[in-house]
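The structure under discussion appears below in the form of structure tokens.
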There are 2 protein chains.
Amino acid sequence: MQGQHAEWVMELWRDPPLSVMGRFRCPLCEASEEGQMTSPASKKQPRSRDPERTKAQLTESAMREFADHGFHGARVDRITRSVGCNPRLLYHYFGSKEKLYVSVIEYIFEDIRAQERELELSRLEPLAAMRRLVEFTYDFFDSNPLFVKVLRNENLLEGRFIVETEVVRISSQPLIDAISRIIARGLAQGVFRHGYDALQIYITIVALSAHHLNNGHTLTAIFGVDLLSPEWRSKRRAHAVSLVLNALTGGESQQG
Amino acid sequence: MQGQHAEWVMELWRDPPLSVMGRFRCPLCEASEEGQMTSPASKKQPRSRDPERTKAQLTESAMREFADHGFHGARVDRITRSVGCNPRLLYHYFGSKEKLYVSVIEYIFEDIRAQERELELSRLEPLAAMRRLVEFTYDFFDSNPLFVKVLRNENLLEGRFIVETEVVRISSQPLIDAISRIIARGLAQGVFRHGYDALQIYITIVALSAHHLNNGHTLTAIFGVDLLSPEWRSKRRAHAVSLVLNALTGGESQQG
DNA sequence: TGGTTAAGTAAGTATTTTATGAATTAGCCG
DNA sequence: CGGCTAATTCATAAAATACTTACTTAACCA
């Protein structure tokens with residue numbers, strides 16, 4: 001849904017030259033404004049009172065807005081308008097654009113934590129566990145574009161807000177420990193011929209899974225192949241699995 | 001120099017709470033403003049006339065500004081002030097913030113093209129060639145943070161400007177072809193036991209080299225290990241080389 | 001030397017955008 | 001019902017920001 005929107009806007013954008021004149025007008029922004037303008041019901045009936053719903057809608061809308069435009073590019077006005085509520089409400093519930101952004105980050109991290117807990121890698125054989133980990137990681141990023149985009153922007157801001165939250169720090173060590181144990185078991189059983197540092201391996205898996213998503217547009221422009229197409233992504237999934245497993249099981253030179 | 005600045009600002013930023021009140025003030029922005037305020041010489045002597053120098057200074061300053069804040073976060077005012085010239089000059093030479101941004105992208109790509117041409121992979125043995133390619137790619141990203149940052153922002157904008165330039169499309173296919181030949185030679189000689197698609201391998205190399213740079217701040221917050229420290233980066237370099245070479249040379253299962 | 005061109009300056013303006021003060025009214029509980 | 005709380009609206013402040021109009025003056029060349 002989001003991808004379709006992006007492609008459609010790109011299409012609109014490609015033909016006319018950069019901008020005719022005057023102040024910069026972001027075509028993505030204007031398009032999304034118009035797109036949302038029709039949906040939020042008719043104008044004048046007052047909004048029914050439901051603070052939980054309002055807060056949730058604002059968070060959801062803000063997530064999309066920050067994902068699509070980054071912190072600086074995001075407009076509070078667009079957020080409230082897409083919800084259909086008065087701009088004042090945003091400040092009533094969140095205090096500032098900044099605090100809204102932080103709450104979006106926290107909101108987004110609740111998802112991944114829940115999903116990660118369901119992995120249960122210790123019951124599988126080393127090779128199968130590793131395969132599952134790569135597939136899970138790949139699929140998570142592949143199917144959570146908003147997560148990917150919000151994190152990209154947070155890195156643009158040099159992680160200024162994520163260090164404040166405390167929500168993210170918990171429960172990442174268990175995953176690294178689990179990977180350590182898989183590698184140790186694999187080495188002991190002889191199915192793995194190379195030991196790698198667990199954190200390095202995990203970052204590698206994340207890199208293989210997410211880099212083409214983070215950099216899809218420039219890579220596509222550079223190589224002339226659409227790295228964001230479903231076809232390429234499914235090939236990428238197989239490649240990631242294959243590469244990691246081959247690296248662990250194979251070869252005779254090099255250490256890790 | 002840039003990294004130091006970032007760390008210093010982060011240090012300032014960590015203690016006081018998000019913002020006291022009022023409109024959002026970006027601490028990085030204010031710091032860099034103050035930092036630059038002292039340098040651009042005394043106020044009132046008129047600027048000596050040198051269009052080339054002025055244009056070059058503006059491009060350079062804009063590159064840093066766009067890298068540090070993204071397109072929307074960048075301020076034309078800061079760019080001209082850090083150069084020490086009148087804001088009108090930016091429009092005199094570039095026309096708009098938007099066109100300035102495009103010219104920065106083109107400027108940045110001239111570097112990498114020049115460096116890539118010096119690779120000369122075909123003379124090396126497959127294993128050595130592959131090692132050199134990984135090391136070169138890693139080192140390029142590692143030592144060109146502005147390139148990395150500008151591209152990250154361009155992806156946030158969904159590659160809206162890079163598709164316009166035409167500068168980037170040339171001479172990327174030769175690299176992919178060279179990689180194809182290396183892999184073919186390696187398979188023929190028996191040093192490689194797995195054939196991979198050249199584009200997949202190259203994206204993989206880029207991913208292993210750049211993902212921790214692109215996502216260093218969030219990953220650092222999540223895992224509590226500074227992935228941007230020199231120590232971690234040098235370990236990362238070895239890991240990337242080892243992983244790719246092991247994947248190519250080793251194992252008996254899986255294809256590519 | 002004098003005149004043309006363009007580099008640079010001074011001082012804005014129009015617009016956008018975040019944020020607020022204060023009034024209004026819905027909903028809940030006794 | 002009546003009154004209290006807080007959800008919502010209205011109108012607007014206040015400041016930033018991209019961009020401009022109108023001008024000055026240095027540099028270059030016939």
Side-chain angles (χ1 to χ4, degrees), chain A residues 18-26 29-30 33 40-58 61-62 65-66 69-102, chain B residues 18-27 29-30 32-33 40-58 61-62 65-66 69-102:
Chain A
L18 285 177
S19 92
V20 200
M21 61 164 304
R23 196 189 176 113
F24 174 73
R25 319 253 58 235
C26 173
C29 309
E30 302 201 329
E33 256 179 287
S42 52
K43 289 279 170 185
K44 277 305 161 192
Q45 57 188 342
R47 184 182 179 76
S48 70
R49 305 201 167 190
D50 184 343
E52 291 314 310
R53 184 202 53 177
T54 302
K55 260 188 283 188
Q57 284 180 336
L58 280 172
S61 173
E65 179 74 13
F66 286 126
H69 308 290
F71 180 81
H72 289 289
R75 298 285 168 253
V76 294
D77 177 57
R78 268 201 303 263
I79 293 170
T80 57
R81 207 173 329 164
S82 104
V83 169
C85 77
N86 192 289
R88 191 70 183 78
L89 289 181
L90 192 151
Y91 294 93
H92 184 249
Y93 288 116
F94 295 94
S96 70
K97 181 184 183 183
E98 197 177 322
K99 288 184 192 145
L100 175 64
Y101 178 81
V102 171
Chain B
L18 284 177
S19 90
V20 199
M21 60 164 304
R23 198 189 175 111
F24 173 73
R25 321 253 57 236
C26 172
C29 309
E30 302 202 329
S32 63
E33 254 179 288
S42 52
K43 291 277 169 184
K44 277 304 162 191
Q45 56 188 344
R47 182 182 182 78
S48 70
R49 303 201 170 192
D50 185 343
E52 291 314 310
R53 184 202 53 175
T54 301
K55 259 189 284 188
Q57 284 180 337
L58 280 172
S61 173
E65 180 74 12
F66 285 127
H69 308 288
F71 179 81
H72 290 288
R75 298 287 169 249
V76 293
D77 177 56
R78 269 201 303 261
I79 293 171
T80 57
R81 206 174 328 166
S82 105
V83 169
C85 76
N86 192 290
R88 190 67 184 81
L89 289 180
L90 192 151
Y91 294 93
H92 185 247
Y93 288 116
F94 296 94
S96 69
K97 181 184 182 182
E98 196 177 322
K99 288 184 192 144
L100 176 64
Y101 179 81
V102 171

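All chains are named by letter (A, B, ...) in the order of the sequence lines, taking the proteins before the strands, and each is independently numbered beginning at 1.
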Over how many whole Å does the gap from [X] atom [atom1] to [N] atom [atom2] extend?
{"X": "B:R81", "N": "C:dG8", "atom1": "CZ", "atom2": "P", "answer": "19 Å"}
{"X": "B:Y101", "N": "D:dA18", "atom1": "OH", "atom2": "P", "answer": "15 Å"}
{"X": "B:H69", "N": "D:dT17", "atom1": "NE2", "atom2": "P", "answer": "11 Å"}
{"X": "B:K97", "N": "C:dT16", "atom1": "NZ", "atom2": "P", "answer": "15 Å"}
{"X": "B:D50", "N": "C:dG8", "atom1": "CG", "atom2": "C1'", "answer": "12 Å"}
{"X": "B:H72", "N": "C:dT16", "atom1": "NE2", "atom2": "C1'", "answer": "13 Å"}
{"X": "A:L89", "N": "C:dT25", "atom1": "CG", "atom2": "C1'", "answer": "13 Å"}

Review point. Do B:H72 and A:F71 touch side chain to side chain, with heavy atoms closer than 4.5 Å?
Key: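 With C-beta onward as the side chain, the pair stays apart.
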
Counting only side-chain N and O atoms of [X], is one of them less than 4.0 Å from OP1 or OP2 of [N]?
{"X": "B:Y91", "N": "D:dC19", "answer": "yes"}
{"X": "B:R75", "N": "D:dT17", "answer": "yes"}
{"X": "A:T54", "N": "D:dA7", "answer": "no"}

Practice item. Decide yes or no on side chain to side chain contact (heavy atoms under 4.5 Å, CB included) for A:S82 and A:E65, but give the supporting numbers first. Key: CA-CA 10 Å; A:S82 104; A:E65 179 74 13; over 6 Å; no

Check your understanding: Do the ring planes of B:Y101 and B:F66 sit parallel (below 30°), tilted (30 to 60°) or perpendicular (above 60°)?
Key -> perpendicular

**Study point:** Given DNA chain D, 5'-ward residue of the pair B:G95 and B:S48, judged by closest heavy atom
**Key:** B:G95

Check your understanding: Within the modelled atom types, does a donor on one side and an acceptor on the other bring the side chain of B:R88 and the base of C:dG12 under 3.5 Å apart?
Key -> no

Check your understanding: To the nearest 0.5 Å, how far apart are CG in B:L90 and NZ in B:K97?
Key -> 10.5 Å

Are there any protein N/O atoms within less than 3.5 Å of an N/O atom in nucleotides 1-6 of chain D, and if so, which ones and at what distance?
none

Check your understanding: Base, sugar-phosphate, or nothing for A:R47, non-hydrogen atoms under 4.0 angstrom?
Key -> sugar-phosphate

**Study point:** Partners passing side-chain contact (heavy atoms from CB on, under 4.5 Å) against B:T54 (at least two apart in sequence or in another chain)
**Key:** B:R47, B:L58, B:L89, B:Y93

